[in-house]
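Here is the structure we will look at, set down as structure tokens.
Worth saying up front: this structure is predicted, and the values here are computed from it rather than measured. These values consider heavy atoms only, across backbone and side chains, with no hydrogens, waters or symmetry-generated copies.
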Amino acid sequence: MFIKLQTQTATQLGISPELVTYRQNTASFHSMLASPSRVLLGVTVGDVKEREHELLKKITLIVLKTIFRVVLGLVRIQFFS
């Protein structure tokens, strides 16, 4: 949705636009999978509705770790490349 803005910002900061796009797409994909509606769909299809809360918590932690790694990677590239 904001790919032009991301690539322009990356270019202005001297960061590879392709790398920023890759990292942003990775983080947004993981975030999308952790949405409550996706988790509900998964537990319904898998017939494990009683584990919905547990799975949502686990997936949310995975998403937070992914976003942290994306930000950390971009900071590392910006300051140490």
Side-chain angles (χ1 to χ4, degrees):
M1 184 183 303
F2 297 107
I3 197 69
K4 284 187 179 185
L5 175 64
Q6 293 169 355
T7 56
Q8 289 173 352
T9 303
T11 301
Q12 290 176 354
L13 293 174
I15 303 172
S16 165
E18 292 83 11
L19 187 60
V20 170
T21 301
Y22 161 75
R23 290 186 179 267
Q24 190 279 331
N25 284 340
T26 301
S28 66
F29 175 75
H30 280 89
S31 298
M32 179 191 67
L33 288 179
S35 69
S37 61
R38 294 286 179 140
V39 173
L40 178 60
L41 176 65
V43 298
T44 302
V45 169
D47 197 27
V48 287
K49 277 191 142 186
E50 67 279 357
R51 296 187 60 203
E52 179 181 359
H53 183 69
E54 172 193 350
L55 293 172
L56 187 57
K57 281 177 37 178
K58 286 181 179 182
I59 291 173
T60 299
L61 288 175
I62 292 170
V63 168
L64 291 175
K65 288 177 185 178
T66 301
I67 292 171
F68 176 75
R69 287 180 179 173
V70 166
V71 170
L72 184 64
L74 290 174
V75 168
R76 187 175 358 153
I77 289 167
Q78 178 64 28
F79 294 109
F80 301 108
S81 293

Of the non-hydrogen atoms in [X] and [Y], which two are nearest, and what is the gap between them?
X   : Y   : answer
L40 : K49 : CD1-CE, 4.1 Å
P17 : A10 : CA-CB, 3.9 Å
L56 : P36 : CD1-CA, 4.3 Å
Q6  : Q24 : NE2-CG, 3.1 Å

- Query: T21 versus T7: any side-chain heavy-atom pair under 4.5 Å?
  - Reply: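 With C-beta onward as the side chain, the pair touches.
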Counterpart residues, side-chain hydrogen bond (donor to acceptor under 3.5 Å, both in side chains), relative to [X] (two or more places apart):
X   : result
R69 : none
K65 : none
S16 : E18

Do the side chains of [X] and [Y] join up, straight or via other hydrophobic residues, at under 4.5 Å, putting them in one cluster?
X   : Y   : answer
Y22 : I15 : yes
V71 : F79 : yes
V70 : L64 : no

Hey, could you give me the [atom1]/[atom2] distance between [X] and [Y], rounded to the nearest 0.5 Å?
X   : Y   : atom1 : atom2 : value
T66 : I59 : OG1   : CD1   : 11.5 Å
Q8  : L13 : CD    : CG    : 12.0 Å
I62 : I67 : CD1   : CD1   : 12.5 Å

